[in-house]
Number of protein chains: 2
Amino acid sequence: MANTEQVTKAGEKALQGTQSLADRLFLSLRKDIVEGRMAAGSKISEPELARRFDASRGSLREALMRLDSLGLIERKVNVGARVVELSGRGLLELYDVREALEGMACRLAAENRSDADLAELRQMLERHQQQEELQAGTAYYQPEGDFDFHFRIVQASNNELLIDTLCNKLYYRVRMYRYQLGMASPRAHRAFREHSHIIEAIEAGDGELAEILMRRHIRASRSNIAKKLSNT
Amino acid sequence: MANTEQVTKAGEKALQGTQSLADRLFLSLRKDIVEGRMAAGSKISEPELARRFDASRGSLREALMRLDSLGLIERKVNVGARVVELSGRGLLELYDVREALEGMACRLAAENRSDADLAELRQMLERHQQQEELQAGTAYYQPEGDFDFHFRIVQASNNELLIDTLCNKLYYRVRMYRYQLGMASPRAHRAFREHSHIIEAIEAGDGELAEILMRRHIRASRSNIAKKLSNT
DNA sequence: ACACTAAAAAGTGTCGACAATCTTGATTTC
DNA sequence: GAAATCAAGATTGTCGACACTTTTTAGTGT
């Protein structure tokens, strides 16, 4: 079932923060899909959703259009839209694409590193270290910490297209898999060490090494997943 | 100025090939933008475009929404849409992303190669060789042949996400730069030899080598572009 | 002549209604 | 009894109109 929280109605002068109703619908629906409140594979009824969000079908359709471009729903002409299905294959494909893109991001981050980026990365690492020491690597670190790490590395790549592709497109799919297949892998300790080494390579300005380490890091997660999937 | 060719009107029972009016508008506009009939950076007026294509603003807006997701136009709330600007930096960013993704595609193509894919690749290569011998590597080969090559390698990767990201998203941006900055580089001969070696690596099932060769191939083009840009 | 203000024109955002299409379930036919 | 047919209901695609914003233009005063 989807989020019942209503989006502020159009026309109300309330602080609509310079974003259109369709924008808010898009954001809200994206959240519902990613976090599993709209079940994967379930059909989407335009009239019903429009009523639930108290919006017109037109605005809703604009939001759906954008969800489609994100690959979070699938639309067929004259038939309708469904939330995308999750599959082991899809997850593995996602990891291969991430390996390629984040490897490159890491290389670029190392080659173009700025003092500001370095400071932030180092700071983040310390924060994660504290967190890890507090709760002996059980779980907390992985979902948020790991995401944080990858996100910031990509930001530091200084390549707008790369940043957009990963942070505004692919990562929503990643999050969807995390939420729904519950990927709290037991790699917390190891992942943290790998993160450390990657940031060291970036600090050293060694793009080639940084890329190799990042690719290995992602590939290790992939293997982990692949093993779990084959056990099912 | 944009394409004046009218899209078949809604309601006419003419063969509209199971695609909606918004779909056709999207395809038509994408073509106009990629091929430069809508100048980069120019403003887009919804009423005017709707009149020109003889469609309602609603359908047109759906098309614009999708062009926005493709990164071919930029929209600001309550202000409007503009065709995206081209820049040297943007082109170089594009090459870095392609290097990462097509490198991976090439690796996957080598690892998962099927007889059908191999046959097609080999066949394509022979076609290009004939073409190249005919017209001593002047120009014809590059735009179409090169595109063909990269396109088919990606198809052979067998990774839906990768295929979609490259063929349905990034390549339109590539084409746009090709058309408008006229990238008929004089690398035809060399490019053909490189293509040959890449396909050999794929045939041999050597994913690592195939990836390295593809990345080098793309990086060489990138250097070529970077040099030209710095001379301006 | 220049800056500022205010009206008007144009453009975008949103909505409700109609037309075309698909789906469902009952009816007919072999 | 199963397959094919057809009508009713629901859903999607498309449109034109209205409300609110932004931009342009005309006007006023210094």
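It should be emphasised that the depicted structure is a prediction, and the values quoted were computed from it without experimental measurement. Chain identifiers are assigned alphabetically (A, B, ...) following the order of the sequence lines, protein sequences preceding nucleic acid strands; residue numbering begins at 1 within each chain.
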Problem set entry | Residue B:Val79, side-chain heavy atoms: nucleotide from C:dC15, D:dT23, D:dT12 that is nearest | D:dT23
Exercise. Hey, does the side chain of A:Tyr177 reach the backbone of A:Ser87 with a donor-acceptor pair shorter than 3.5 angstrom?
Worked result: yes
For this session: Taking only Lys NZ, Arg NE, NH1 and NH2, and the carboxylate oxygens of Asp or Glu, determine whether A:Glu211 and B:Arg215 approach each other closer than 4.0 Å.
Result: yes
Problem set entry | With sequence neighbours excluded, residues passing salt bridge (charged side-chain N to carboxylate O under 4.0 Å, His left out) with B:Glu120 | B:Arg152
For this session: Using a heavy-atom cut-off of under 4.0 Å over every strand shown, decide if B:Ile44 touches base, sugar-phosphate, or nothing.
Result: sugar-phosphate
Exercise. Taking the inter-plane angle between the rings of B:His195 and B:Phe149 on a 0 to 90° scale, is it parallel (under 30°), tilted (30 to 60°) or perpendicular (over 60°)?
Worked result: parallel
For this session: When you get a sec, tell me which of D:dT21, D:dT12, C:dC15 is the closest nucleotide to the side chain of A:Lys43?
Result: D:dT12
Exercise. Any idea how A:His150 and A:His217 line up, ring-wise: parallel (<30°), tilted (30 to 60°), or perpendicular (>60°)?
Worked result: parallel
Exercise. Just to confirm, is there a sub-4.0 Å distance from OP1 or OP2 of D:dC15 to any side-chain nitrogen or oxygen of B:Ser59?
Worked result: yes
Exercise. The side chain of A:Asn78 lies closest to which of these nucleotides: C:dT14, C:dT12, D:dT12?
Worked result: D:dT12
Problem set entry | Nucleotide D:dT12, atom C1' - distance to CD of B:Gln19 in whole Å | 16 Å
Exercise. Of the nucleotides D:dG13, C:dT14, C:dG11, which has the atom closest to the B:Ser45 side chain?
Worked result: C:dG11
Exercise. So what does B:Gly80 hit on the nucleic acid, given a heavy-atom distance under 4.0 Å: a base, only sugar-phosphate, or nothing?
Worked result: sugar-phosphate
Exercise. Taking atom P of D:dG13 as reference, at what distance in whole Å does atom CZ of B:Arg61 sit?
Worked result: 17 Å
Exercise. Between D:dG13 atom C1' and A:Glu46 atom CD, what is the distance in whole Å?
Worked result: 9 Å
Exercise. Counting side-chain heavy atoms from CB outward, which of C:dT12, C:dG13, D:dT14 is closest to B:Pro47?
Worked result: C:dT12
Atom pairs under 3.5 Å, N or O on each side, protein against nucleotides 17-19 of chain C: can you list them with distances?
none

Exercise. Rounded to the Å, how far apart are A:Glu62 CD and D:dT12 P?
Worked result: 17 Å
Problem set entry | Evaluation steps, salt bridge (Lys or Arg N to Asp or Glu O under 4.0 Å), between A:Glu102 and A:Arg222 | CA-CA 14 Å; A:Glu102 295 193 25; A:Arg222 198 201 118 111; over 6 Å; no
For this session: With DNA chain C as reference, determine whether A:Ala55 or B:Ala81 sits nearer its 5' end, using the nearest nucleotide of each.
Result: B:Ala81
Problem set entry | Short N-O contact, A:Arg66 and A:Glu62, less than 4.0 angstrom | no
Seminar exercise, completed: Rounded to whole Å, the CZ-P distance (B:Arg51 to D:dT14) equals 20 Å
For this session: Find out whether A:Leu86 and A:Leu91 are in side-chain contact, i.e. whether some heavy atom of one side chain is under 4.5 Å from a heavy atom of the other.
Result: no
For this session: Send over the distance from A:Lys76 NZ to C:dT23 C1', rounded to a whole Å.
Result: 14 Å
Exercise. Rounding to a whole Å, what distance do you find between A:Asp68:CG and D:dG13:P?
Worked result: 11 Å
Exercise. For C:dT14, does either OP1 or OP2 sit under 4.0 Å from a side-chain N or O belonging to A:Ser56?
Worked result: no
For this session: Give the rounded distance in Å between these two atoms: CZ of A:Arg75 and C1' of C:dC22.
Result: 15 Å
